[in-house]
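Okay, structure first, notes after.
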Amino acid sequence: MSKKEIRKTFRSSVMKRDKYRCVCCGKCGKDRQGGEEHKRFHKDLNPVNLDAHHITDRNEIIDGGYVKENGITVCDSCHLLAEIYHQTGEPHPGFAPNDLYKLINSSYEEAVKVIERLR
């Protein structure tokens, strides 16, 4: 599978699991990279842009962490807050990796287990 396909599969699996809703603030949305699949989950007339955020940075987990157990759907505003940790090492309150993993009932260890099973 190409890198582009891996990224697309990651985004899609994370957003489907989270029903195209920002897990942090609850806003309904759509994949910022296009697609209409979000309409299967809700009929919001003004959906926000969503992204699939890597909870543990791609450079700090094997194979880039492209599994839904390491991803969380976030709107643009919440994505900025989640990225603070990757940029500074200090999380915004409520956006530490362990906080985000709890929101999706996962953990770093669970993500690694899934990655190792897929190898």
Side-chain angles (χ1 to χ4, degrees):
M1 192 181 299
S2 74
K3 190 92 163 181
K4 188 174 182 176
E5 291 170 322
I6 291 168
R7 287 183 182 137
K8 185 176 180 181
T9 299
F10 169 73
R11 293 174 65 80
S12 176
S13 66
V14 169
M15 289 191 194
K16 281 181 189 176
R17 180 202 59 217
D18 299 335
K19 297 182 173 68
Y20 289 84
R21 185 177 298 273
C22 176
V23 176
C24 298
C25 73
K27 292 179 184 171
C28 295
K30 61 183 180 181
D31 186 340
R32 68 172 20 264
Q33 292 187 355
E36 298 294 313
E37 188 159 344
H38 68 281
K39 290 181 179 178
R40 290 181 40 218
F41 294 93
H42 54 82
K43 306 285 186 222
D44 194 320
L45 298 175
N46 296 304
V48 298
N49 285 327
L50 297 175
D51 211 344
H53 172 71
H54 283 82
I55 297 173
T56 296
D57 189 271
R58 292 180 295 254
N59 299 316
E60 297 174 9
I61 191 169
I62 57 176
D63 296 340
Y66 286 97
V67 293
K68 69 181 178 185
E69 293 77 8
N70 185 48
I72 188 168
T73 302
V74 289
C75 67
D76 288 345
S77 298
C78 290
H79 200 185
L80 290 173
L81 297 175
E83 283 294 327
I84 289 172
Y85 178 77
H86 293 309
Q87 295 166 0
T88 68
E90 291 293 324
H92 182 79
F95 286 83
N98 285 337
D99 297 330
L100 299 178
Y101 279 123
K102 284 179 188 172
L103 291 173
I104 61 163
N105 298 312
S106 188
S107 66
Y108 173 84
E109 293 78 18
E110 180 64 25
V112 169
K113 275 192 227 176
V114 171
I115 293 166
E116 288 175 343
R117 275 198 313 258
L118 294 172
R119 288 181 129 190

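These figures come from a predicted structure and were not determined experimentally.
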task: Using the test ring-ring contact (aromatic ring centres under 6.0 Å, His included), find all partners of His53 that sit at least two apart in sequence or belong to another chain.
output: His79, His86
- request: For the residue pair Leu50 and Lys30, establish whether any side-chain heavy-atom pair is separated by less than 4.5 Å.
  value: no
task: Measure the OH-CD1 distance between Tyr108 and Ile55 for me, rounded to the nearest 0.5 Å.
output: 13.0 Å
Output a table of donor-acceptor pairs, distance under 3.5 Å, between side-chain atoms of residues 61-68 and any protein atom two or more places apart or on a different chain; print 'none' if there are none.
unit_1: Asp63; atom_1: OD1; unit_2: Arg119; atom_2: NH2; d: 3.1
unit_1: Asp63; atom_1: OD2; unit_2: Arg119; atom_2: NE; d: 3.0
unit_1: Tyr66; atom_1: OH; unit_2: Arg7; atom_2: NE; d: 3.4

Give the table of side-chain donor-acceptor pairs shorter than 3.5 Å for residues 91-106, with sequence neighbours excluded, one pair per line with atom names and distance.
unit_1: Asp99; atom_1: OD2; unit_2: Ala96; atom_2: N; d: 3.3
unit_1: Tyr101; atom_1: OH; unit_2: Thr56; atom_2: OG1; d: 2.6
unit_1: Tyr101; atom_1: OH; unit_2: Asn70; atom_2: OD1; d: 2.6
unit_1: Ser106; atom_1: OG; unit_2: Glu69; atom_2: O; d: 2.8

task: Using side-chain hydrogen bond (donor to acceptor under 3.5 Å, both in side chains) as the criterion, list what pairs up with Glu116, not counting sequence neighbours.
output: none
query: Considering only heavy atoms from C-beta outward, does the side chain of Val114 approach that of Leu118 to under 4.5 Å?
result: yes
For Thr88, all residues meeting side-chain hydrogen bond (donor to acceptor under 3.5 Å, both in side chains), sequence neighbours excluded: none
message: Tell me if the CD atom of Glu90 is crowded by more than 12 foreign heavy atoms within 6.0 Å.
response: no
- prompt: Residues in salt bridge (charged side-chain N to carboxylate O under 4.0 Å, His left out) with Asp18, at least two apart?
  reply: none
Contact check, side chains of Cys25 and Cys75, non-hydrogen atoms, under 4.5 Å: yes
task: Taking the side chain as every heavy atom from C-beta outward, state whether Arg11 and Thr73 have any pair of such atoms under 4.5 Å apart.
output: no
